[in-house]
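In what follows, a structure is listed as structure tokens, so that the remarks can point back to it.
Since the model is a prediction, treat every value here as computed from it, not as a measurement. Each residue takes its place number in the sequence, starting with 1.
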Amino acid sequence: MELCKYLLPGLISVTLLSGCSLFSGEEDVAKMASLPKVENQFTSQEVWSTSVGDGVGDFYSNLHPAWQDNTVFAADRFGVVKALNASNGKEKWKVDLSEKTGFFSKNISALLSGGVTAEGDHLYISSERGQLFVLNCSDGSIAWQTKVAGEALSRPVVSDDLVLVHASNGMLQGLDKSSGAVKWSINLDVPALSLRGESAPATAFGGAIVGGDNGRVSAVIMNQGQIIWQQRISQPIGATEIDRLNDVDTTPIIVNGVVYALAYKGNLTALDLRSGQILWKREIGGVKDLTVDAGRIYLVDRDDRVIALNADGDVVLWRQSGLLHRNLTAPALFNGYLIVGDSKGYLHWLNTSDGRFVSQQKVDSDGFQTEPVVASDKLIIQSKGGEVYAITR
């Protein structure tokens, strides 16, 4: 079952192949699709690659690079953070956020998990230990650091002079951007069992939209820290706790006053930004972030089908089922193509008009977990082993 890798912090990805007998007592194996045969229409080029610590290994993590002002920022789970020249991959600076224990003892891992977020002069990275680190982009020095309400798996979001952090215990906090002082906290509620991962908020017009483990999407007025509406887009259905998982772990997308949100076992739903009223929904579930562009929605569903719909939700334009259960990343648009990585270290390039494969390349032996980041004329992606790659056509 694909969901296994999201349930527990230390549950390694091999569980995907051996089934979820930990919970059910029976083997329930989702077979990974064989690598599709692709006649490459072009060959992508590795511009540079460099190591950033030890990566995240087999732990679930939302750590992925950020790009700003010709600089790529990346981190590993242990606590290493690097700034790299986006043109050639050369290191500009490096810091270590792990806890120092003494000359003869190994440092304690910082367990970095959410980020990297680059905004203005600062980097924002949160951790499984409930720490939020804010670094100066210029040299990596700590601008400030604070404790947040719980384990922070989603990336911090900066908007309206606040830093928004969504913790795994359901707490959404707004912290002062300059000092880290907590301005407000909201409990979004969590069920007894949920997937390992949290929705990062999306922001617009002074409001924050965030998904919850209870199947709801919530809208919050940021300057007050008050919920203005909540809408359920997924109902818990089934006899067991696993059957009833209905998390909304994806980051909502806001386009032209419409909120697009995706639940694990629920629906792809379009909501009115002002009222939360459901405009339409489709029976598609997933845990990877959406991409919306030029009137189209691109997503990866929970079985790793890549799907394109029109923004009105009434037409599925295409489905690509050639990568089932390959543990795909969220999709990224680059140079007119849709790109996903997989757990075996391949990048797959798809035609946006019909979903056909146009190119495929093996990039890394450790595989990918988080989506590629577009950095001007390059695609930046970080492997689970900590290698960062810059790729172009």
Side-chain angles (χ1 to χ4, degrees), residues 35-57 61-76 80-92 94 115-118 123 155 288-291 293 298-300 304 306 308 320 322-323 326-353 355-393:
L35 191 69
K37 289 183 169 59
V38 176
E39 185 175 339
N40 287 346
Q41 297 180 16
F42 56 83
T43 302
S44 54
Q45 178 184 357
E46 181 184 307
V47 181
W48 55 260
S49 66
T50 190
S51 175
V52 179
D54 294 325
V56 300
S61 174
N62 193 43
L63 280 178
H64 59 277
W67 172 75
Q68 182 176 262
D69 297 333
N70 200 44
T71 302
V72 173
F73 302 98
D76 81 341
V80 173
V81 184
K82 287 186 179 183
L84 309 169
N85 185 304
S87 299
N88 55 28
K90 298 295 184 182
E91 183 180 305
K92 293 185 175 182
K94 172 185 174 181
V116 177
T117 298
L123 296 181
R155 63 181 177 86
K288 310 291 173 57
D289 284 349
L290 313 168
T291 295
D293 181 73
Y298 302 98
L299 62 89
V300 172
D304 288 323
V306 187
Q320 174 53 261
L323 301 170
R326 292 188 66 88
N327 300 327
L328 302 183
T329 69
L333 285 166
F334 179 64
N335 277 3
Y337 297 97
L338 192 71
I339 302 167
V340 293
D342 71 21
S343 62
K344 296 298 183 180
Y346 285 87
L347 286 184
H348 306 273
W349 301 60
L350 283 69
N351 188 311
T352 56
S353 62
R356 288 183 299 110
F357 294 112
V358 295
S359 186
Q360 176 189 97
Q361 68 182 130
K362 179 67 176 280
V363 177
D364 185 273
S365 59
D366 290 318
F368 301 115
Q369 188 173 98
T370 53
E371 68 272 17
V373 175
V374 177
S376 185
D377 61 342
K378 299 179 186 66
L379 195 71
I380 308 295
I381 190 166
Q382 182 172 348
S383 76
K384 292 188 291 184
E387 196 75 11
V388 177
Y389 297 88
I391 295 168
T392 189
R393 274 198 54 187

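You'll find the side chain of T352 reaches within 4.5 Å of the side chain of Y298, heavy atoms only. Two residues are said to be in side-chain contact when any heavy atoms from C-beta on lie closer than 4.5 Å; F73 and V81 fail this criterion. Between H348 and L35, some side-chain heavy-atom pair lies under the 4.5 Å cut-off. Using a 4.5 Å heavy-atom threshold, the side chains of K288 and L299 count as separate. Two residues are said to be in side-chain contact when any heavy atoms from C-beta on lie closer than 4.5 Å; D366 and E387 fail this criterion. For the pair L63/D76, no side-chain contact is recorded, criterion being any heavy-atom separation below 4.5 Å from C-beta on. Annotation: side chain of V373 is not in contact with side chain of I381 (no heavy-atom distance under 4.5 Å). Between W349 and V38, the closest side-chain pair of non-hydrogen atoms is not below 4.5 Å.
Other residues, nucleotides and ligands contribute at most 12 non-hydrogen atoms within 6.0 Å of the CG atom of D54. For K37, the NZ atom sits in a loose shell: 12 or fewer heavy atoms of surrounding residues, nucleotides or ligands are nearer than 6.0 Å.
Results of the side-chain contact (heavy atoms from CB on, under 4.5 Å) test with T50 over L84, V72, N88 single out L84 as the only residue that passes. Residue V300 forms a side-chain contact (heavy atoms from CB on, under 4.5 Å) with just one option from L323, V340, L290, T329, and that option is V340.
If you take OG on S61 and NZ on K384, they are separated by 11.5 Å, rounding to the nearest 0.5 Å. For the atom pair CD of Q360 and CG of L350, the computed distance is 10.0 Å after rounding to the nearest 0.5 Å. Atoms CD and OG1, on Q45 and T43 in that order, are 10.0 Å from each other to the nearest 0.5 Å. We find the OG-CG distance between S343 and L328 to be 8.0 Å, quoted to the nearest 0.5 Å. Expressed to the nearest 0.5 Å, how far OG1 of T117 lies from NE2 of H64 amounts to 6.0 Å. Of the inter-residue distances, the one linking E91 atom CD with S51 atom OG reads 10.5 Å to the nearest 0.5 angstrom.
Shown here for P372 and A332, the closest heavy-atom pair between the two residues is O-CB, 3.8 Å. Between A390 and I380, the shortest heavy-atom distance links the atoms CB-CD1, 3.6 Å. Considering all non-hydrogen atoms of both residues, L338 and L333 come closest at CD1-CD2, 3.6 Å.
Judged by distance alone, the side chain of W48 and the main-chain N or O of A86 form a donor-acceptor pair under 3.5 Å. Listed for the D304 side chain is a donor-acceptor partner under 3.5 Å among the backbone atoms of R326. Without hydrogens or angle criteria, T71 side chain to A83 main chain gives no donor-acceptor distance under 3.5 Å. A donor-acceptor pair is defined here as one N or O able to donate and one able to accept, closer than 3.5 Å; such a pair exists between the side chain of T392 and the backbone of D377. A distance-only check finds no donor-acceptor pair linking the side chain of Q369 to the backbone of N327 [under 3.5 Å]. Between the side chain of Q382 and the backbone N or O of A74, no donor-acceptor pair lies under 3.5 Å. Side chain of Q320 to main chain of G322: a donor-acceptor pair is present (N/O by atom type, distance under 3.5 Å, no hydrogens or angles).
Ring geometry for Y389 versus F368: interplanar angle over 60°, hence perpendicular rather than tilted (30 to 60°).
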